[in-house]
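Take a look at the structure below.
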Amino acid sequence: MDYKKLVAEKIQENINVNLQLDFIEGLIEIPPKPEMGDYAFPCFQLAKNLKKSPNIIAQELKDKIEKNYFEKIENQGAYLNFFVDKNTFTRDVLTKVLEQGDKYGSSSIGKGKNIVVEYSSPNIAKPFHVGHLFSTAIGNSLYKMMSFEGYNCTRINHLGDWGTQFGKLIAAYKRWCDEEKLHKDPIKELLRIYVKFHEEAEKDPALNEEGRMHFKRLEDGCKEEVELWKKFKELSLREFKKIYALLGVDFDSYAGESFYTDKMDAVIEEIDKKGLLVESNGAKVVMLDKYNIPPCIVKKSDGATIYATRDLTAAIYRKKTYDFSKCIYVVGMDQSLHFKQVFTTLKLMGEDWADSCVHVGFGLVRFADKKLSTRKGDVIFLEDLLNKSVQRTLEIIDEKNPKLENKLQVARKVGIGAVIFTYLKNNRERDIVFDWNEMLSFEGETGPYVQYSYARGKSILRKSENINGDVDYSKLNSKEEFELAKVLNNFKSSILNAIDKLEPFMVTRYVIDVAKAFNKFYNAHSIINAGDETIKIARLQLVKATCQVLKNGLNLLGIDVVEKM
Ligand code: ARG
């Protein structure tokens, strides 16, 4: 039973204006306090339609609507408050969760819609840093949520594998690279020589010329440069894929910037044909001053294409290839202007789908007060961060539960889960300050807390594996049991909200709410020792359903559950 829909239907049946069901459903609120009911309908919109006071409408609706399925319906000012029949509600929710299992919360709302989700997109020969994990965690969970709701999603890793920096890197390689180190720890060595290049070039600017020359040769397809570039790319991908395996993240396409090198001319020509290309200090640009933003540079004065040229080309290619109804770019907010320029240029080109390109931005990641930068080399490698989190989790397990089986495996899931959880816990535009103690705490709003709640539930279920019998859901009649059932019922709406706002934290918050409601229930009531067999069986169903929802929810965030911890 979808109670929200039921409330909407009852209202629709009892008003004399023609309002869409979805619209009415959208107005329904979940009251903050149980005394205010389980669903509340504000009558302000109807007041406009009916030209009557909202309080009177609430009063009239209260008298008209039949109560079946509801314990009572009350009007409070402009609000109509619905109190569900607790027994029916709890039974309905739990049977639904247990019947649908891993599919609970899913739907086919997105059927027939193609979505491109671009995320992660690290730069080859440079470290995969903590900002890239922000993109990876958000993109991966948006992908999971949208697929769960029936959208047809394509995951793209728009690798930064093209640009003048590769000319510099080739020059640096030829002078200073240590081949052995390169194979052992490729990205560290490539970073070392890249940093050295910048230091040396400050003393000897001729080096920059050398870099430009190598990039030109790379663009022209000269064998030596192309081979070196390929080598850098392969070595880098090898490292990135290790991280993706650790995180359980995948892609459908690794078409990065270099993929578009042979497709850009046609796009530039198109822009020119449409009369949008203007000369500015030798460069070719699209003027955007009408929109109060700086011009979008398409070709630099030396004739080279840039980042934006590749993004314009990529968007057009993706539209042709995937026919998306939305193309999502999960990239830091520091690139907001870039995306505005690219999307606006597409619009000026007459691409009517330009508005379906969305930049999903996010904030900065900090540790104490070190800012991240690749130039100077004081960057935090993601692998180190993840390893450290796993290591620390292992220490905590050793202290709390030294006899646990598969300790390392558990520490991996919990330690990495804790990091991902931290990224997805708040509004994505908010900066993150990493704090180890907070992140790994088993209490408070953390990944380990939610995973621990799941493991605790599973341990109860393991202890009572042989307990079977008819379930009498009416035995679940305490406040805590009803509140937990209510939270379990909200899963789907939290996912749909997260998709609507492109904000995974709405599901993160939701799993925290489930864990909190579960712990309240657990602390207030005995389960195995309930005394009465029928109460025990009913409570076990509630535990089982809770575990299922926690698992489904964490899964959508890209976090694995552990059966024991
Ligand atoms: N490689 C870029 C970086 O690390 C991110 C790419 C973002 N995606 C895009 N389509 N421009 O900053």
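Both counts, for ligands and for their atoms, begin at 1 and track the order of listing. Heavy atoms only: backbone and side chains are in, while hydrogens, waters and symmetry mates are out. Bear in mind the structure is a predicted one, so any value in this text is a computation, not a measurement. Residue numbers count from 1 along this sequence.
In this structure, the ring of W162 has its center no less than 6.0 angstrom from the ring center of Y260.
Each of N152, I115, T154 was scored for a side-chain contact (heavy atoms from CB on, under 4.5 Å) with Y322, with one residue passing: T154.
Residue pairs that meet the salt bridge (Lys or Arg N to Asp or Glu O under 4.0 Å) test with at least one member in residues 287-310, sequence neighbours left out, are E257-R310.
In R238, the CZ atom is crowded: over 12 heavy atoms of neighbouring residues, nucleotides or ligands sit closer than 6.0 Å. Heavy atoms from other residues, nucleotides or ligands lying under 6.0 Å from CG of L228 number more than 12. Annotation: E179, atom CD; neighbour count of heavy atoms from other residues, nucleotides and ligands within 6.0 Å is above 12.
Around ligand 1 you find E118, S121, N123, H132, H158, Y307, D311, Y329, V331, Q335, F339, each with a heavy-atom distance below 4.0 Å.
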